[in-house]
**Q** 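If you scroll down you'll find the structure; I have some questions about it.
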Amino acid sequence: MATHDKYQSPLTSRYASKEMAYNFSEDKRYSTWRKLWLNLAIAEQRLGLTDITDEAIEQMRANIDNIDYAVAAAEEKKRRHDVMAHVHAFGQVAPAAAGIIHLGATSCYVTDNGDLVILRDAYDIVIKKLVHVIDILTQFAKTYRDLPTLGFTHFQPAQLVTVGKRATLWIQELLWDLRNFERARDDLKLRGVKGTTGTQASFMALFNGDHDKVEQLDQLVTELSGFSEAYPVCGQTYARKIDIDVLNPLSGFGATAHKMATDIRLLANLKEIEEPFEKDQIGSSAMAYKRNPMRSERVCSLSRHLMVLVNDALQTSAVQWLERTLDDSAIRRISLPEAFLTTDILLTLLQNISEGMVVYPKVIERRINQELPFMATENVIMAMVKKGGDRQECHEEIRVLSHQAAHVVKMEGGENDLIERIKKTDYFKPIWDELPKLLDPSTFIGRAPEQVDSFVIKHVEPALAPYADVLKERTKAELSV
């Protein structure tokens with residue numbers, strides 16, 4: 001039930017998906033701890049610890065999700081230790097295991113290993129969502145592969161591109177983000193069973209100094225927890241430098257999302273492209289005609305938050321003393337979940353925008369017509385030269401006409417009439433019939449359509465090929481608020 005008498009993070013109360021909100025929930029966290037305790041008990045039993053019975057293991061397995069938070073809270077109030085509180089709470093529902101839960105382990109066995117499991121699962125969620133965004137934008141790029149539009153440098157009109165080619169610039173950065181997400185996820189390892197300061201001394205005591213068994217225990221717990229490797233050495237915690245590797249790709253994605261949303265906001269101002277706008281949506285409480293790019297603005301807003309979160313990891317890693325200090329704990333509880341929650345929200349927004357993006361070809365055409373005459377002056381000069389004209393003389397003729405047309409546009413607010421001036425100037429009579437061809441926008445876009453085709457075939461399709469099953473499961477992205 002919603003509560004209205006205390007602050008709630010808008011990341012979870014307004015925006016985040018249920019799956020990502022669950023991934024950082026207490027249910028996920030503490031059930032993961034219990035799975036890790038179960039995995040430790042199974043591994044210790046297999047390696048010869050006879051005090052761990054089948055009954056104990058079965059009771060633990062049966063109560064992974066049977067978490068009594070009232071009991072845990074009471075235990076934590078008494079013991080002032082969250083891990084030990086949950087050890088006792090688990091023992092109450094698995095009494096046959098009460099004496100062996102957490103055997104040989106330190107708190108970081110569950111807290112750090114649990115975090116690594118949660119971070120891996122979080123990456124699985126955002127990777128799938130990123131794949132959908134890339135695929136949707138790819139279909140958009142293919143649809144508009146050959147629709148000419150003004151290019152912009154310095155947000156000033158430049159040589160023509162196509163709507164589809166421009167979209168490939170967004171897709172390319174998203175592909176780099178996908179690569180970085182995959183690398184970060186695949187690089188994650190388990191902390192494993194390393195003991196209080198990473199020496200495995202407690203496990204050496206349990207196995208009577210048998211180094212081989214302790215190494216086997218580390219590997220077996222790692223495999224039972226769904227990882228192929230554990231970090232070879234650590235202090236009390238896994239090295240907080242790992243959190244830099246986790247957050248850096250997410251912050252990089254924030255830059256991609258911000259750039260794409262900014263482009264859409266600029267194009268919306270030009271009325272060339274708009275994000276979806278719902279039937280009953282209100283753009284402004286005062287100005288009823290407005291169609292504000294609310295989704296893209298939200299992307300920019302949240303992206304700024306995401307981009308800076310990696311600084312938390314950088315600073316935390318830098319100030320960890322020797323085997324560990326505890327000044328990492330509070331900040332990690334904020335920055336790690338918020339980075340993934342924000343990434344998850346941004347991907348939902350980008351999918352929603354991409355699915356409903358509207359293109360206005362007539363507006364695009366009108367803007368091209370306003371600028372193309374100036375851009376076509378070199379074509380006009382070359383055509384005149386082919387008819388026997390003098391290049392320098394022609395340059396001067398068209399320079400004068402261009403300045404006259406620019407005066408009409410800038411000083412009188414009129415339309416660009418350069419072509420009409422050329423048609424009325426006898427000097428250019430030899431090429432009057434060629435003017436429509438010289439001004440055909442499709443002749444100004446270079447290889448843009450072919451670049452889209454090649455990019456999709458050589459780069460997008462191979463990157464998405466491993467996710468064919470994921471793409472079959474796509475559902476429309478709905479915004480909660």
Side-chain angles (χ1 to χ4, degrees), residues 126-152 158-182 253 256-268 270-277 293 295-296 299 346-368 440-478:
V126 295
I127 284 172
K128 290 177 181 178
K129 294 192 172 189
L130 178 53
V131 163
H132 287 301
V133 172
I134 292 171
D135 183 59
I136 294 165
L137 280 174
T138 300
Q139 303 314 310
F140 178 88
K142 289 163 68 175
T143 299
Y144 296 103
R145 61 184 286 281
D146 56 359
L147 179 62
T149 188
L150 274 183
F152 287 92
Q159 194 172 72
L160 301 192
V161 296
T162 68
V163 172
K165 168 65 192 323
R166 178 176 283 144
T168 64
L169 302 181
W170 305 332
I171 297 167
Q172 179 169 249
E173 294 197 15
L174 292 170
L175 285 176
W176 293 335
D177 293 319
L178 177 60
R179 174 202 63 193
N180 295 340
F181 284 15
E182 290 171 335
F253 163 72
T256 301
H258 199 294
K259 186 263 192 293
M260 176 180 167
T262 300
D263 286 351
I264 293 171
R265 291 169 67 188
L266 293 171
L267 294 169
L270 300 176
K271 297 181 175 60
E272 293 188 5
I273 288 179
E274 285 184 344
E275 65 179 37
F277 196 88
R295 293 163 173 82
S296 297
V299 168
L346 288 171
L347 286 166
T348 298
L349 283 164
L350 291 183
Q351 180 178 338
N352 178 268
I353 292 168
S354 301
E355 285 173 335
M357 198 146 53
V358 181
V359 177
Y360 296 105
K362 292 298 183 182
V363 176
I364 292 172
E365 181 182 10
R366 185 174 73 244
R367 182 157 284 106
I368 289 175
D440 181 356
S442 67
T443 66
F444 287 80
I445 59 176
R447 294 190 63 251
E450 291 73 22
Q451 285 182 330
V452 172
D453 298 340
S454 176
F455 175 69
V456 170
I457 293 170
K458 294 181 180 179
H459 299 279
V460 180
E461 291 178 355
L464 298 188
Y467 299 99
D469 291 342
V470 172
L471 292 172
K472 291 177 183 176
E473 299 170 358
R474 179 157 65 236
T475 57
K476 190 179 174 84
E478 299 290 347

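Side chains included, hydrogens not; waters and symmetry mates left out as well; all remaining heavy atoms used. These figures come from a predicted structure and were not determined experimentally.
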**Q** For Lys165, does its backbone N or O pair with a side-chain atom of Thr162 as donor and acceptor, under 3.5 Å?
**A** yes

**Q** Phe444: what forms a ring pair (Phe, Tyr, Trp, His ring centres under 6.0 Å) with it, not counting sequence neighbours?
**A**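 Testing Phe444 for ring pair (Phe, Tyr, Trp, His ring centres under 6.0 Å), a comparison that skips the adjacent residues, returns none.
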
**Q** Excluding sequence neighbours, so at least two apart, what forms side chain to side chain donor-acceptor pair (under 3.5 Å) with Lys259?
**A** Asp263

**Q** With the side chain counted from C-beta on, respond yes when Leu346 and Phe253 share a heavy-atom pair under 4.5 Å apart, and no when they do not.
**A** yes

**Q** Could you tell me whether the side chain of Thr348 reaches within less than 4.5 Å of the side chain of Asn352, counting heavy atoms only?
**A**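 No - every pair of side-chain heavy atoms lies 4.5 Å or more apart.
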
**Q** Who are the side-chain contact (heavy atoms from CB on, under 4.5 Å) partners of Lys142, not counting sequence neighbours?
**A**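 In terms of side-chain contact (heavy atoms from CB on, under 4.5 Å), with neighbours along the sequence ignored, Lys142 is linked to Thr138, Gln139, Val456.
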
**Q** Please list, chain by chain and in numerical order, all residues satisfying side chain to side chain donor-acceptor pair (under 3.5 Å) with Thr143, sequence neighbours excluded.
**A** none

**Q** For Asp146, enumerate each residue passing the salt bridge (Lys or Arg N to Asp or Glu O under 4.0 Å) test, keeping only those at least two apart in sequence or located in another chain.
**A** none

**Q** If the condition is side-chain contact (heavy atoms from CB on, under 4.5 Å), which residues does Gln159 pass it with, not counting sequence neighbours?
**A**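 Partners of Gln159 under the side-chain contact (heavy atoms from CB on, under 4.5 Å) test: none.
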
**Q** Residues in ring pair (Phe, Tyr, Trp, His ring centres under 6.0 Å) with Phe140, at least two apart?
**A**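 Ring pair (Phe, Tyr, Trp, His ring centres under 6.0 Å) check on Phe140 returns Tyr144.
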
**Q** Less than 4.5 Å apart, any side-chain heavy atom of Leu464 and any of Ile134?
**A** yes

**Q** Distance check, rounded to the nearest 0.5 Å: Ser354 atom OG versus Ile264 atom CD1?
**A** 6.5 Å

**Q** With distance as the sole test, does Ser296 use its side chain to make a donor-acceptor pair with the main-chain N or O of Pro293 at under 3.5 Å?
**A** no

**Q** Quick one: CD1 on Ile273 to CZ on Arg265, what's the gap to the nearest 0.5 Å?
**A**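 CZ of Arg265 is found 15.5 Å from CD1 of Ile273.
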
**Q** Testing the basics here: between Pro148 and Ile445, what is the closest heavy-atom pair and its distance to 0.1 Å?
**A**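 Scanning both residues completely, I find the closest heavy atoms to be CB-CG2, 3.9 Å.
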
**Q** Please walk me through it: do Trp170 and Thr256 pass side chain to side chain contact (heavy atoms under 4.5 Å, CB included)?
**A** CA-CA 7 Å; Trp170 305 332; Thr256 301; over 6 Å; no

**Q** Under 3.5 Å, is there a donor-acceptor pair between the side chain of Glu275 and the main chain of Leu350?
**A**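 No: the side chain of Glu275 does not pair with the backbone of Leu350.
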
**Q** With sequence neighbours excluded, tell me which residues meet salt bridge (Lys or Arg N to Asp or Glu O under 4.0 Å) with Arg367.
**A** Glu272

**Q** Would you indicate whether the side-chain heavy atoms of Val299 and His258 approach each other to under 4.5 Å?
**A** no

**Q** Please name all residues satisfying side-chain contact (heavy atoms from CB on, under 4.5 Å) with Val161, sequence neighbours left out, ordered by chain then number.
**A**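 Val161: side-chain contact (heavy atoms from CB on, under 4.5 Å) contacts with Thr149, Arg166.
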
**Q** Test: side chain to side chain donor-acceptor pair (under 3.5 Å). Region: residues 356-366. Which pairs qualify, not counting sequence neighbours?
**A**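 Checked against side chain to side chain donor-acceptor pair (under 3.5 Å) - neighbours excluded - the pairs reaching residues 356-366 are Glu274-Tyr360.
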
**Q** Working to the nearest 0.5 Å, report the span between CD of Gln172 and CG of Asp177.
**A** 11.0 Å

**Q** I'd like to check Glu355 versus Pro276 (side-chain heavy atoms, cut-off strictly below 4.5 Å). Are they in contact?
**A**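 Contact flag for Glu355/Pro276 side chains = no.
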
**Q** Output the distance between atom OG1 (Thr168) and atom CG (Leu175), rounded to the nearest 0.5 Å.
**A**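 Result: 10.0 Å between the selected atoms.
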
**Q** Report yes if the side chains of Tyr467 and Leu178 come closer than 4.5 Å at any heavy-atom pair, otherwise no.
**A**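 Tyr467 reaches Leu178 side chain to side chain.
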
**Q** Taking C-beta and beyond as the side chain, do Leu137 and Met260 meet within less than 4.5 Å on heavy atoms?
**A**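 The answer is yes; the side chains approach within 4.5 Å.
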
**Q** List for me each residue that meets side chain to side chain donor-acceptor pair (under 3.5 Å) alongside Arg145, sequence neighbours excluded, and say none if there are none.
**A** Asp453

**Q** Mind checking the CD1-NE2 spacing from Ile127 to His132? Nearest 0.5 Å is all I need.
**A** 12.5 Å

**Q** Quick one: do Trp176 and Leu174 satisfy side chain to side chain contact (heavy atoms under 4.5 Å, CB included)? Show the steps, please.
**A** CA-CA 5 Å; Trp176 293 335; Leu174 292 170; over 6 Å; no

**Q** Got a sec, which residues hit side chain to side chain donor-acceptor pair (under 3.5 Å) with Thr443, two or more places apart in sequence or on another chain?
**A**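 Thr443: no side chain to side chain donor-acceptor pair (under 3.5 Å) contacts found.
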
**Q** Below 4.5 Å, heavy atoms only, C-beta onward: do Leu270 and Val363 meet side chain to side chain?
**A**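 A side-chain contact under 4.5 Å is absent here.
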
**Q** Within this structure, what is the CG-CG distance for the pair Leu471 and Asp135, rounded to the nearest 0.5 Å?
**A** 4.5 Å

